[in-house]
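Report on the structure given below.
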Amino acid sequence: MAKQFWKPGNMLYPLPAVMVSCQRAGEKPNIMTAAWAGTVCSDPVMASVSIRRERYSHAIIRESGEFVVNLTTKRLAKATDFCGVRSGRDVDKFAEAGLTPCASQTVSCPGIAESPVNIECRVTEVKALGSHDMFLAEVTGVSVDEALLDEKGTLQLSRCGLMAYSHGEYFELGKPIGKFGFSVRRKK
């Protein structure tokens, strides 16, 4: 197989396309779209989001020390894109995108009601990395849409049409191809 060698670039795709909600006390809540977000630790449970310093949400999250990562779906694709190309300095993204703020349990900023999963986060560290600052955060709570729970209470996230981002395009995640450990599981 022939390959070309390229200069360094961000090629770790696909990534989750998430909407990050935040709010300063006494001001309207804001939403930004991020594909530079992820899990960083399981004990304690931690997540990260990397944001350019000039973005409106950067200062809000830096000052408040909190944010909510809201998972996105095919149904939320247009709102997700809108929240990534418009600035909260200029527009009320909740109103313009037709989204509903929902109260969080452990942080003061709202989640997005239409999102199937809202991950509440409290910033523990901000790492300056160059073009972006990475906000490392402890996950303080998770709200899950009850419609995604089966009769045993198990989360069936595949039911909601999760969305991913790759090279400037959004994709609905497809069918499962295996479960963790399937390569070594004994045949019955």
Side-chain angles (χ1 to χ4, degrees), residues 4-25 27-73 76-94 96-97 99 101 104 106-112 115-142 162-173:
Q4 291 182 3
F5 186 77
W6 292 358
K7 67 178 183 171
N10 299 311
M11 300 301 289
L12 189 58
Y13 290 106
L15 299 163
V18 298
M19 289 189 281
V20 177
S21 50
C22 55
Q23 184 175 18
R24 280 189 189 104
E27 294 184 9
K28 73 180 186 320
N30 189 50
I31 305 167
M32 66 164 283
T33 299
W36 301 52
T39 300
V40 294
C41 190
S42 58
D43 186 16
V45 180
M46 295 185 74
S48 70
V49 63
S50 293
I51 306 171
R52 288 184 178 272
R53 287 176 211 80
E54 62 269 15
R55 300 289 187 228
Y56 181 63
S57 296
H58 183 284
I60 296 171
I61 294 170
R62 193 175 213 13
E63 292 169 23
S64 69
E66 323 178 304
F67 58 91
V68 178
V69 175
N70 303 275
L71 298 189
T72 59
T73 63
L76 291 170
K78 189 171 183 180
T80 302
D81 185 65
F82 178 85
C83 291
V85 297
R86 294 288 187 247
S87 175
R89 288 183 185 98
D90 307 321
V91 298
D92 179 339
K93 291 186 189 181
F94 273 99
E96 292 291 323
L99 298 172
S104 296
T106 63
V107 296
S108 57
C109 55
I112 298 171
S115 171
V117 177
N118 314 101
I119 305 165
E120 300 175 19
C121 299
R122 188 160 293 118
V123 176
T124 59
E125 184 179 349
V126 181
K127 294 190 71 69
L129 299 174
S131 62
H132 291 67
D133 284 349
M134 178 188 288
F135 292 85
L136 294 168
E138 180 182 352
V139 174
T140 57
V142 179
L162 286 175
M163 190 168 76
Y165 174 84
S166 182
H167 295 282
E169 295 181 283
Y170 302 106
F171 294 89
E172 179 180 10
L173 294 180

Residues in side chain to side chain contact (heavy atoms under 4.5 Å, CB included) contact with Tyr56, at least two apart in sequence or another chain: Arg24, Glu27, Lys28, Asn30, Ile60, Ser87, Arg89

Non-hydrogen atoms of Met19 and Cys83 that approach each other most closely: SD-SG, 4.2 Å

From His58 atom NE2 to Phe135 atom CZ, the distance as rounded to the nearest 0.5 Å: 4.0 Å

Non-neighbouring partners of Tyr170 that pass side-chain hydrogen bond (donor to acceptor under 3.5 Å, both in side chains), sequence neighbours left out: Asp81

Glu66 to Ser108 - nearest heavy-atom pair and separation: OE1-OG, 2.5 Å

Closest contact, heavy atoms only, Ala34 versus Val20: CB-CG2, 4.3 Å

Min side-chain heavy-atom separation Ser131-Arg52 under 4.5 Å: yes

Residues in ring pair (Phe, Tyr, Trp, His ring centres under 6.0 Å) contact with Tyr13, at least two apart in sequence or another chain: His167

From CD (Gln23) to CD1 (Ile61), nearest 0.5 Å: 12.0 Å

For Ala37 against Val18, the heavy-atom pair lying closest together: CB-CG2, 3.9 Å

Partner set under side chain to side chain contact (heavy atoms under 4.5 Å, CB included) for Pro8, not counting sequence neighbours: none

Validation: residues 115-123 side-chain donor-acceptor distances under 3.5 Å, sequence neighbours left out:
{"residue": "Ser115", "atom": "OG", "partner": "Leu71", "partner atom": "N", "Å": "3.1"}
{"residue": "Ser115", "atom": "OG", "partner": "Leu71", "partner atom": "O", "Å": "2.6"}
{"residue": "Ser115", "atom": "OG", "partner": "Val117", "partner atom": "N", "Å": "3.4"}
{"residue": "Ser115", "atom": "OG", "partner": "Val117", "partner atom": "O", "Å": "2.9"}
{"residue": "Asn118", "atom": "ND2", "partner": "Asn70", "partner atom": "OD1", "Å": "2.7"}
{"residue": "Asn118", "atom": "ND2", "partner": "Ile112", "partner atom": "O", "Å": "3.0"}
{"residue": "Glu120", "atom": "OE1", "partner": "Gln105", "partner atom": "N", "Å": "3.2"}
{"residue": "Glu120", "atom": "OE1", "partner": "Thr106", "partner atom": "N", "Å": "2.6"}
{"residue": "Glu120", "atom": "OE1", "partner": "Thr106", "partner atom": "OG1", "Å": "2.5"}
{"residue": "Glu120", "atom": "OE2", "partner": "Gln105", "partner atom": "N", "Å": "2.9"}
{"residue": "Arg122", "atom": "NH2", "partner": "Thr106", "partner atom": "O", "Å": "2.4"}

Nearest heavy-atom neighbours spanning Asp92 and Phe94: OD1-N, 3.1 Å

Partners meeting side chain to side chain contact (heavy atoms under 4.5 Å, CB included) with Ala128 (sequence neighbours left out): Arg53, Asp133

Closest contact, heavy atoms only, Ser21 versus Pro110: OG-O, 2.6 Å

Rounded distance [0.5 Å steps], CZ in Arg55 versus CE in Met32: 7.5 Å

Residues Val139, Val69; criterion side-chain contact (heavy atoms from CB on, under 4.5 Å); working and verdict: CA-CA 10 Å; Val139 174; Val69 175; over 6 Å; no

Distance (rounded to the nearest 0.5 Å) between Thr72 OG1 and Met163 CE: 3.5 Å

With Thr124 via side chain to side chain contact (heavy atoms under 4.5 Å, CB included) - residues at least two apart: Met46, Leu136, Glu138

Any pair counted as side chain to side chain donor-acceptor pair (under 3.5 Å), so long as it reaches residues 31-48, sequence neighbours left out: none

